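For reference, the structure discussed in these notes is given below.
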Amino acid sequence: MRRADMVMTWVFVIVIAVVMIPVGASKLTGKSATRWRERFMEWGYPSKTVIMVGAAELACGIGLLVSRTRLAAAIGVIVLMTGALSTHLLNGEVRRIIPPLVLGVAAVAIVVLARRRSLSTNLSG
């Protein structure tokens with residue numbers, strides 16, 4: 001069971017990191033950052049919010065790849081995706097809820113798998 005948990009964890013980690021790292025970076029640099037800033041302002045957030053969100057997405061995406069920071073990064077993804085879901089729902093953008101919903105559920109799975117691994121280690125040790 002432990003091997004299957006590890007494989008599932010890595011699948012979720014890779015899926016989230018492949019999305020979060022480039023999306024977070026796009027909020028920080030280039031032409032895409034300007035468009036993100038405009039969208040954040042349309043949603044009612046201050047223009048600098050995009051920098052904080054982009055940095056957090058980038059940090060979480062990278063943090064998932066490091067076993068020591070994985071749990072904290074997964075929790076960070078859950079928080080970020082809850083914010084994204086809320087933003088899209090409050091702004092009537094129902095079609096846009098799928099990506100944050102999928103990423104949020106994948107992050108919850110990482111937390112559950114880590115908890116299960118921790119419990120099995122404590123019971124056997």
Side-chain angles (χ1 to χ4, degrees):
M1 189 68 152
R2 289 188 81 192
R3 182 162 169 76
D5 285 357
M6 286 304 296
V7 170
M8 287 191 316
T9 297
W10 273 105
V11 167
F12 293 132
V13 163
I14 291 167
V15 166
I16 297 171
V18 162
V19 174
M20 297 290 281
I21 292 170
V23 170
S26 76
K27 289 179 176 137
L28 300 175
T29 61
K31 292 179 184 176
S32 188
T34 303
R35 280 179 278 170
W36 277 113
R37 193 171 294 112
E38 290 168 0
R39 289 178 71 192
F40 271 67
M41 290 176 69
E42 287 172 11
W43 292 325
Y45 299 113
S47 65
K48 303 256 186 218
T49 305
V50 70
I51 295 167
M52 294 183 335
V53 170
E57 288 174 344
L58 192 57
C60 287
I62 293 168
L64 285 169
L65 299 171
V66 179
S67 61
R68 232 181 210 163
T69 58
R70 184 167 298 135
L71 184 58
I75 292 168
V77 171
I78 293 166
V79 171
L80 286 164
M81 294 305 104
T82 300
L85 276 167
S86 300
T87 296
H88 293 309
L89 287 172
L90 289 170
N91 287 279
E93 300 172 346
V94 178
R95 291 183 186 171
R96 292 184 186 222
I97 68 167
I98 302 299
L101 187 59
V102 169
L103 294 172
V105 168
V108 167
I110 291 170
V111 172
V112 169
L113 289 166
R115 180 75 176 137
R116 188 160 77 180
R117 223 175 11 261
S118 173
L119 285 173
S120 80
T121 301
N122 288 341
L123 292 175
S124 66

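Worth saying up front: this structure is predicted, and the values here are computed from it rather than measured. Worth knowing before you read on, the calculation uses all heavy atoms, side chains too, and leaves out hydrogens, waters and symmetry mates.
Nearest heavy-atom pair across Val13 and Leu64 is CG1-O, 3.5 Å. Nearest heavy-atom pair across Ala73 and Cys60 is CB-O, 3.5 Å. The two residues Lys27 and Ala33 have their closest heavy-atom pair at O-CB, 3.6 Å. Contact detail for Leu65 and Ala17: the closest heavy-atom pair is CD2-CB, 4.0 Å. Nearest heavy atoms, Ile110 versus Ala74: CG2-CB, 3.9 Å. When every heavy atom of Gly63 is checked against every heavy atom of Thr69, the shortest pair comes out as O-OG1, 2.7 Å.
The structure places OG of Ser32 at 10.5 Å from CZ of Arg37, a figure rounded to the nearest 0.5 Å. In this structure, the separation between CE on Met52 and CG on Leu80 is 10.5 Å, given to the nearest 0.5 Å. The distance from atom OG1 of Thr9 to atom CE of Met6, rounded to the nearest 0.5 Å, is 6.0 Å.
Among Leu103, Ile14, Val77, the one residue that satisfies the side-chain contact (heavy atoms from CB on, under 4.5 Å) test with Val19 is Leu103. Tested against Asp5 for a salt bridge (Lys or Arg N to Asp or Glu O under 4.0 Å), the candidates Arg115, Arg116, Arg117 yield a single pass: Arg116. Checking each of Ile97, Leu101, Ile98 against His88 for a side-chain contact (heavy atoms from CB on, under 4.5 Å) leaves exactly one that passes, namely Ile97.
Hydrophobic clustering, with ILVMFWY side chains joined whenever heavy atoms are under 4.5 angstrom apart, keeps Leu71 apart from Met81. Hydrophobic clustering (ILVMFWY, side-chain heavy atoms < 4.5 Å, transitive): Ile16 and Met8 are in one cluster. In this structure, Val105 is not a member of the same hydrophobic cluster as Val112, with clusters built from ILVMFWY side-chain heavy atoms closer than 4.5 Å. Residues Phe40 and Leu85 do not share a hydrophobic cluster, clusters being chains of Ile/Leu/Val/Met/Phe/Trp/Tyr side chains in contact below 4.5 Å. Grouping the Ile, Leu, Val, Met, Phe, Trp and Tyr side chains by contacts below 4.5 angstrom, directly or via other members, places Leu28 with Met20.
In this structure, the side chains of Tyr45 and Val53 stay at 4.5 Å or more apart for every pair of heavy atoms. Within the 4.5 Å cutoff, the side chain of Glu93 has heavy atoms near those of the Trp43 side chain. Using a 4.5 Å heavy-atom threshold, the side chains of Trp36 and Val23 count as touching.
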